[in-house]
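We use all heavy atoms of the structure for the numbers below, so side chains are in, but hydrogens, waters and symmetry mates are not.
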Protein chains: 2
Amino acid sequence: MYAKCSVIYEGRASSTLPTGNYLIIYKPDFSLLIHGASQVSPRNYQGPGSELAINGTTIISNNKSEAITIQLDKIHWVQHPNEWSDNNIVLRRSEKELVAKIVSNPSEYLGFTPSKIIVEHRVEIGAVDIYVEHEGHHIIEVKRGKATISHCVQLLKYMPYFPMPSFAYIASPGISQKAVKYSKDKGIKWIKVEHEAT
Amino acid sequence: MYAKCSVIYEGRASSTLPTGNYLIIYKPDFSLLIHGASQVSPRNYQGPGSELAINGTTIISNNKSEAITIQLDKIHWVQHPNEWSDNNIVLRRSEKELVAKIVSNPSEYLGFTPSKIIVEHRVEIGAVDIYVEHEGHHIIEVKRGKATISHCVQLLKYMPYFPMPSFAYIASPGISQKAVKYSKDKGIKWIKVEHEAT
DNA sequence: ATATGTATCTCGCTC
DNA sequence: GAGCGAGGTACATAT
């Protein structure tokens with residue numbers, strides 16, 4: 001629906017959207033989107049499973065502890081997409097692919113042949129991307145893009161959960177200059193791993 | 001436009017979307033969205049400023065180093081929203097508001113009256129939400145929602161950049177049970193700060 | 001352009 | 001449902 005309207009949101013946060021012409025999308029999974037003339041992200045939204053009620057010129061969407069109220073001024077047009085498809089994209093060059101690449105050929109990236117490898121190794125406070133045993137404990141954090149200081153920090157938080165000797169690695173196609181310096185200070189080794197060409 | 005089509009994306013990553021009926025939105029800021037029958041996030045998208053070219057039944061969107069190719073099978077309908085509004089929402093209960101609340105009345109949350117307060121205090125590796133001086137250095141990380149272990153870690157990374165004595169705080173409306181345990185271990189103090197009612 | 005952090009993040013997964 | 005992390009995150013902002 002394309003309509004002149006205003007929107008009020010009340011839930012985790014709260015917001016108002018001034019009256020204007022917006023695109024309102026109500027999907028078969030009962031999610032609700034209100035889009036403005038710019039940006040990829042919607043101005044307002046409601047996750048799947050919301051209950052929608054229409055009361056005269058007011059549309060109310062309720063979802064657990066969140067509510068959106070649309071006050072309609074004028075409906076410009078309405079469309080009902082038939083047989084809307086629900087396929088997902090097939091994505092390549094994800095972090096998962098990089099993990100598989102390293103695990104399938106660890107000696108190329110580590111310089112030794114480990115006695116044990118565990119993917120998504122869980123410890124108390126979260127999961128390590130790749131855990132490797134070889135004369136000690138090797139913790140590898142994999143990133144699909146450029147590694148940053150935050151990623152180094154995320155890696156370091158796991159180190160106290162492994163006995164010495166333990167070694168920390170960031171594996172990614174790139175790394176920021178600041179992260180290079182930071183990781184050097186903290187004794188983190190960077191492993192360059194590249195995405196497969198298409 | 002609502003159309004039966006397939007989509008190929010090539011850029012930072014790469015993806016294919018199987019043929020189906022999708023909602024295609026092309027905005028005045030030249031951003032492009034392809035929406036499926038579920039989810040708030042689009043199946044494929046292109047940020048603002050993309051160049052769009054139509055070549056028979058093929059739509060190509062180019063944006064710096066990214067490209068989307070839409071192969072049209074059948075156009076079900078097309079609409080041209082007139083005078084699409086570009087207003088932004090006015091948001092309340094943001095992190096910024098919580099920061100302002102603490103800064104305007106620090107003694108209530110800290111238990112003392114500081115000699116100096118700096119918001120968004122920059123150090124080498126990033127910015128601290130609130131920096132307070134009072135018989136030492138107090139570093140406060142503010143979260144608008146529930147604080148987690150990751151937030152505690154994010155806070156701890158700043159501590160080496162301040163001389164002793166220094167103190168770490170998380171300020172948020174809530175905190176996860178695991179984060180309670182983790183922060184206790186690390187000597188982080190939790191400050192409960194609540195959002196203003198609407 | 002690089003870097004850093006927030007988000008009503010969303011979404012998927014595990015416990 | 002809670003908790004945690006990935007994301008083509010998007011988006012704003014500071015250097």
Inspect the surroundings of [atom1] in [X] and state if more than 12 heavy atoms from other residues, nucleotides or ligands are less than 6.0 Å away.
X      : atom1 : value
B:E51  : CD    : no
B:N105 : CG    : yes
B:D185 : CG    : yes

- Of B:I68 and A:S38, whose nearest nucleotide on DNA chain D comes first from the 5' end?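 Checking each residue's closest nucleotide, the 5'-ward one belongs to B:I68.
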
- Message: Nearest heavy atom decides the nucleotide; on that basis, is B:E66 or A:K157 closer to the 5' end of DNA chain D?
- Response: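 So the residue in question is A:K157.
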
Just the rounded figure in Å: distance from [atom2] of [N] to [atom1] of [X].
X      : N      : atom1 : atom2 : result
B:E97  : C:dA7  : CD    : P     : 11 Å
A:Q154 : C:dG5  : CD    : C1'   : 14 Å
B:K146 : C:dC9  : NZ    : P     : 13 Å
A:L33  : C:dC9  : CG    : P     : 16 Å
A:N44  : C:dC9  : CG    : P     : 13 Å
B:H35  : C:dC11 : NE2   : C1'   : 14 Å

Between [X] and [Y], is any pair of side-chain heavy atoms under 4.5 Å apart?
X      : Y      : value
B:V132 : B:P106 : no
A:R93  : B:R12  : no
A:I68  : A:I60  : no
B:L33  : B:K27  : yes
A:C5   : A:D73  : no
A:W84  : B:H35  : yes
B:E141 : B:Y169 : no

- Message: What's the separation between atom CD in B:Q46 and atom NZ in B:K64, rounded to the nearest 0.5 Å?
- Response: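 One finds 9.5 Å between CD of B:Q46 and NZ of B:K64.
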
- Task: State whether A:R12 places a side-chain N or O below 4.0 Å from either non-bridging phosphate oxygen (OP1 or OP2) of C:dC9.
- Result: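 Checking C:dC9 against A:R12, a side-chain N or O does come within under 4.0 Å of OP1 or OP2.
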
- D:dC4 versus D:dG8 - spacing of their P atoms, nearest Å: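 Approximately 23 Å lies between the P atom of D:dC4 and that of D:dG8.
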
Classify [X] by what it touches in the nucleic acid, base, sugar-phosphate, or nothing, heavy-atom distance under 4.0 Å.
X      : value
A:R144 : sugar-phosphate
A:K64  : nothing
B:E124 : nothing
A:S150 : sugar-phosphate
B:G126 : sugar-phosphate
B:Q46  : base
B:I149 : sugar-phosphate

- Over all heavy atoms of both residues, which pair between B:I140 and B:D129 is shortest? Give the atoms and the distance, please.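 Taking every non-hydrogen atom into account, O-CB, 3.2 Å.
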
- If you check the B:Q39 side chain, which of C:dT4, C:dC11, C:dT8 turns out closest?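 Nearest to the side-chain atoms of B:Q39, counting from C-beta on, is C:dC11.
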
- Task: Just compare C:dT6, C:dT8, C:dT4 and give me whichever is closest to any side-chain atom of A:Y45.
- Result: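 When the side chain of A:Y45 is considered, C:dT8 is the closest of C:dT6, C:dT8, C:dT4.
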
- Item | 5′-ward residue of the pair B:Y158/B:I89 relative to DNA chain C |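 Its nearest nucleotide being more 5', the pick is B:Y158.
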
- Residue mapping more 5' on DNA chain C - nearest nucleotide basis, A:G47 or B:I125: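 With B:I125 and A:G47 compared, the 5'-side residue is B:I125.
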
- Item | Range on DNA chain D touched by chain B, heavy atoms, distance below 4.0 Å |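 Extent of the interface on DNA chain D: D:dG3 to D:dT15.
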
- Message: Whether the side chain of A:R92 engages the backbone of A:A197 through a donor-acceptor N/O pair (distance < 3.5 Å, no angle test) should be reported.
- Response: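 Pair absent, no side-chain N/O of A:R92 close to backbone of A:A197.
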
Kindly give the atom pairs (protein nitrogen or oxygen, nucleotide nitrogen or oxygen) under 3.5 Å for nucleotides 13-15 of chain C.
from, atom 1, to, atom 2, distance (Å)
C:dT14, O3', A:R122, NE, 3.4

- Which ones in residues 176-184 of chain A lie close to DNA chain C, meaning a heavy atom under 4.0 Å from one of its atoms?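 Correct list: A:S176, A:Q177, A:K178.
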
